[in-house]
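Atoms considered below: every heavy atom in the structure, side chains included; atoms not considered: hydrogens, waters and symmetry mates.
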Amino acid sequence: QVQLVEYGGGLVQAGGSLRLSCVASGNIYSIDAMGWYRQAPGKQRELVADINSGGNTNYADSVKGRFTISRDNAKNTVYLRMNSLKPEDTAVYYCNAPWVVTTNGRAMAYWGKGTLVTVSS
């Protein structure tokens, strides 16, 4: 069994910063890409940023220049540094690993349960 657990959400004022962490644990053999999605009230879940095992990154236009995704492959951890936060960044942020190979040879996608980020104006 594989679990993704997010840490670091909370309440911050506009212009502030937060860092989210997501730790993958369990019978993991390898993880390809990892990423962050968010879902604001009444809106669809959207990709924020992702990073592959080689360190190549991809960002939503709305967060480019403000957010930075990184990962520690040895720790099966992905981070999201969020700077210059805006009220429209308020959402539940979910960690995703779309291709995790387990030690028993299975491969599937996993999601965390999410962490709430609230940005006050």
Side-chain angles (χ1 to χ4, degrees):
Q1 189 71 6
V2 175
Q3 298 87 34
L4 302 183
V5 179
E6 300 98 339
Y7 302 91
L11 173 64
V12 63
Q13 289 187 333
S17 299
L18 280 176
R19 190 178 83 153
L20 305 182
S21 303
C22 170
V23 181
S25 63
N27 55 333
I28 298 169
Y29 177 76
S30 66
I31 303 177
D32 186 12
M34 298 184 77
W36 291 93
Y37 286 70
R38 67 186 181 187
Q39 187 166 17
K43 295 187 176 181
Q44 290 188 329
R45 191 174 296 190
E46 62 176 1
L47 174 68
V48 176
D50 59 23
I51 182 168
N52 66 17
S53 57
N56 296 309
T57 59
N58 176 51
Y59 294 92
D61 287 343
S62 60
V63 307
K64 283 181 181 176
R66 300 188 297 123
F67 291 11
T68 302
I69 190 170
S70 61
R71 67 189 285 176
D72 184 330
N73 291 332
K75 296 180 179 180
N76 289 330
T77 300
V78 63
Y79 306 95
L80 185 69
R81 177 65 179 182
M82 305 184 292
N83 295 327
S84 303
L85 282 160
K86 304 174 181 180
E88 51 264 43
D89 294 317
T90 295
V92 177
Y93 284 70
Y94 296 92
C95 180
N96 169 251
W99 191 257
V100 179
V101 179
T102 60
T103 54
N104 59 7
R106 301 186 66 181
M108 61 183 293
Y110 292 89
W111 289 89
K113 293 183 178 180
T115 185
L116 177 63
V117 173
T118 303
V119 184
S120 62
S121 58

Student: If we only count heavy atoms from C-beta on, is the M82 to L20 side-chain gap below 4.5 Å?
Tutor: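 A side-chain contact exists here, since the closest heavy-atom pair is under 4.5 Å.
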
Student: Picking from N52, D32, I31, what satisfies side chain to side chain contact (heavy atoms under 4.5 Å, CB included) with W99?
Tutor: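 The residue from N52, D32, I31 that satisfies side chain to side chain contact (heavy atoms under 4.5 Å, CB included) with W99 turns out to be D32.
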
Student: Any disulfide (SG to SG under 2.5 Å) involving residues 32-67? Give me the pairs, sequence neighbours left out, ordered by first then second residue.
Tutor: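 Output for this query is empty, none listed.
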
Student: Just grab all the salt bridge (Lys or Arg N to Asp or Glu O under 4.0 Å) pairs involving residues 75-87, residues at least two apart or on different chains.
Tutor: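 Not a single pair qualifies under salt bridge (Lys or Arg N to Asp or Glu O under 4.0 Å).
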
Student: What disulfide (SG to SG under 2.5 Å) pairs are there with at least one residue in residues 12-100, not counting sequence neighbours?
Tutor: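 For residues 12-100: C22-C95.
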
Student: Which residue in the set V92, D89, V117 passes side chain to side chain contact (heavy atoms under 4.5 Å, CB included) when paired with R38?
Tutor: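 For R38, the side chain to side chain contact (heavy atoms under 4.5 Å, CB included) check succeeds only for D89.
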
Student: Where do W111 and N96 come nearest, in terms of heavy atoms and distance?
Tutor: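 Minimum heavy-atom separation between W111 and N96: CE2-ND2, 3.3 Å.
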
Student: Which heavy atom of L80 sits nearest a heavy atom of A49, and at what distance?
Tutor: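 Closest approach of L80 to A49, heavy atoms only: CD1-CB, 4.3 Å.
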
Student: To the nearest 0.5 angstrom, please state how far the CG atom of N56 sits from the CD1 atom of I69.
Tutor: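 Interatomic distance, N56 CG to I69 CD1, rounded to 0.5 Å: 12.0 Å.
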
Student: Write down the atom of T103, the atom of I28, and the distance for their closest heavy-atom approach.
Tutor: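 Shortest heavy-atom separation between T103 and I28 comes out as CG2-O, 3.8 Å.
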
Student: Does L116 share a hydrophobic cluster with Y94, counting links as ILVMFWY side-chain heavy atoms below 4.5 Å and allowing steps through other members?
Tutor: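 Same cluster: L116 reaches Y94 through Ile, Leu, Val, Met, Phe, Trp or Tyr contacts under 4.5 Å.
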
Student: If every non-hydrogen atom of S121 is compared with every non-hydrogen atom of A14, which pair is closest and at what distance?
Tutor: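 S121 and A14 have their closest heavy atoms at CA-CB, 4.3 Å.
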
Student: Closest heavy-atom contact between S17 and N83?
Tutor: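 Looking at all heavy atoms of both residues, the closest pair is OG-OD1, 2.9 Å.
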
Student: With heavy-atom distances below 4.5 Å as the criterion, would you say the side chains of S120 and L11 are in contact?
Tutor: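 Sidechains of L11 and S120: in contact.
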
Student: How close do M34 and A24 get, counting heavy atoms only, and between which atoms?
Tutor: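 Of all heavy-atom pairs spanning M34 and A24, the closest is CE-CB, 4.4 Å.
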
